[in-house]
Protein chains: 2
Amino acid sequence: MDETAPQKGTVTQRAIEQIKAFIAEGRLEPGERLPTERDLAVQLGISRSSMREAIRALTVLGVLEARHGSGIYVTQLEAGDLLETFGVVADLSRGPALVELLQVRRILESTATALAAARITPDQLAEVEKHLLAMNATDDPEEILAHDLAFHREIAAAAGNDTMAAILEGLSSRTFRARVWRGYQEEGAFERTRREHAAIHRALVSRDPEAARAAAAAHVGEVEEWLRAQLGV
Amino acid sequence: MDETAPQKGTVTQRAIEQIKAFIAEGRLEPGERLPTERDLAVQLGISRSSMREAIRALTVLGVLEARHGSGIYVTQLEAGDLLETFGVVADLSRGPALVELLQVRRILESTATALAAARITPDQLAEVEKHLLAMNATDDPEEILAHDLAFHREIAAAAGNDTMAAILEGLSSRTFRARVWRGYQEEGAFERTRREHAAIHRALVSRDPEAARAAAAAHVGEVEEWLRAQLGV
DNA sequence: CCGTCAAGGTGGTCGGACCACTACGGCCGA
DNA sequence: TCGGCCGTAGTGGTCCGACCACCTTGACGG
């Protein structure tokens, strides 16, 4: 009567939970190398195929990292590693969920911008300014979008909360913004966007958190309202 | 000269991207059934093993759902489906990242509570009250935690943004709160927590968004500050 | 008309084989 | 002695074929 496994769920799912538990309990440190797929499979009493599926699952979640020919390693478990999958949500959401995502972004982005106004360093401010100018100097939509993303990314980084920055990164993922912006900018919103970015920049220069919060909220809110109208909500 | 695949990355990774693209392009509707693993493997020109890894990856991301003996289906792609993995972040984060997560939760929770104060229905309010009373009527930490979670979950639901509610759900995942609360409540914070919950409830009854925002922010902020002190930050 | 049950189809698991790549260490030449 | 080259062992990546567990369907018999 070997009372080892409760036999709940698929073996792969169990393997995923066990490896996660190993990490949560500190038996596997960030950056540490795991045993080989073959050894792990033997240890957990499952086939290599099932073990590979478990590893693949944890890989896409940003928990593990497989290096061909070298081995499997635990990631640093930092915000960027684990929240990378957040972009999938933004990419696959549609309809009302897009508005909800923008609402979340408005809340976080406004707070992040307010924090940045109080904490931003001259170097970081210069970087923000660089993207602001570059954005105004071109008419290529692709380039504008790239600098727009970088503009907000720098601000989020200056807020000093890597987790929040990683979430915002996901909420602003390239395909997500491309989908929304395509329609938004067709209505000649370029000039308005430039004005709003300038307002955010001014608030940062003035180190005025409240002005920064308001400017950022208004900026995202504009897009949010436009999208809401588009969907007829 | 068969110019089909660019041969970048692993075949499994490519399969993941292709299926994701199918869904993003609308070629696969939410709830729709996919071809069998065997057929999909043939269509994409890969082995069933690799295809299974791709499917498993999309399953843990909440994009697909495999039903043994029946087939593979696209989920409804709702907030709850896709943001379930968010709990993994909370479960595996440690140290400073925990404080950052609580900070994000403070921002979202305070806004959600403010929204709830303006929109909550009598039925929902009664539900909130039920958990408030149940929480005060017992001394079992496990039960208190359960009602605490439900208390905030009901409020988040009343805010009317499913996406935000799903994120907050992840940020309050059972193991995450258990880890933090274990230490927090050992310092006799029960009474303080009860007072704070009562304050949130009063603000909801008064339909006072600003009071609700302040009460919720203070509530989460208390834990945040305690954790910050614990980590010596 | 409805419950029963058998068969086919589906995902789940397994084991083994081979390929592609990396890392390491010994070998050879400078 | 030193440094680069290269072979080899070991790793993850891919593929195949088989079998199992489970669900769905529809024919059958009551």
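It should be emphasised that the depicted structure is a prediction, and the values quoted were computed from it without experimental measurement. The figures here come from the full heavy-atom set of this structure, side chains too, leaving out hydrogens, waters and symmetry mates. We name chains A, B, ... by the order of the sequence lines, and we start the count at 1 in each one.
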*Is the phosphate of D:dT11, meaning OP1 or OP2, less than 4.0 Å from a side-chain N or O of A:Arg67?*
no
_Near-ring test B:His219/B:His152, centroid separation under 6.0 angstrom_ = yes
*Looking at C:dG11, C:dG15, D:dT14, which one has an atom nearest to any side-chain atom of A:Ser49?*
C:dG15
*Between A:Thr12 and B:Arg56, is any pair of side-chain heavy atoms under 4.5 Å apart?*
yes
_Need to verify one output field. Residue with the more 5' nearest nucleotide on DNA chain C, B:Ile72 or A:Ser70?_
B:Ile72
*With a 3.5 Å cut-off and just heavy-atom distances, do the side chain of B:Arg48 and the base of D:dG17 make a donor-acceptor pair?*
no
_Looking at D:dG12, I'd like to know if its phosphate oxygens (OP1 or OP2) sit under 4.0 Å from a side-chain N or O belonging to A:Arg33._
no
*Between B:Gly69 and A:Thr36, which is nearer to the 5' end of DNA chain D once each is assigned its nearest nucleotide?*
A:Thr36
*How many Å lie between CE on A:Met51 and P on D:dG13, as a whole number?*
14 Å
*Going by an N to O cut-off under 4.0 Å, is there a salt bridge joining A:Arg174 and A:Glu169?*
no
*Kindly point out which of D:dT14, D:dG13, C:dC14 is positioned nearest to the side chain of B:Ser47?*
D:dT14
*Under-3.5 Å donor-acceptor pair between A:Thr10 side chain and C:dG11 base*: no
*Is any side-chain nitrogen or oxygen of A:Thr12 closer than 4.0 Å to OP1 or OP2 of C:dT13?*
yes
*asked:* If you compare every side-chain N and O of A:Arg52 against the phosphate oxygens of D:dG13 (OP1, OP2), does one of them come in below 4.0 Å?
replied: yes
*Is there a donor-acceptor pair under 3.5 Å between the side chain of B:Thr111 and the backbone N or O of B:Ile107?*
yes
*Distance-only donor-acceptor test, A:Arg38 side-chain atoms vs D:dG12 base atoms, 3.5 Å*: yes
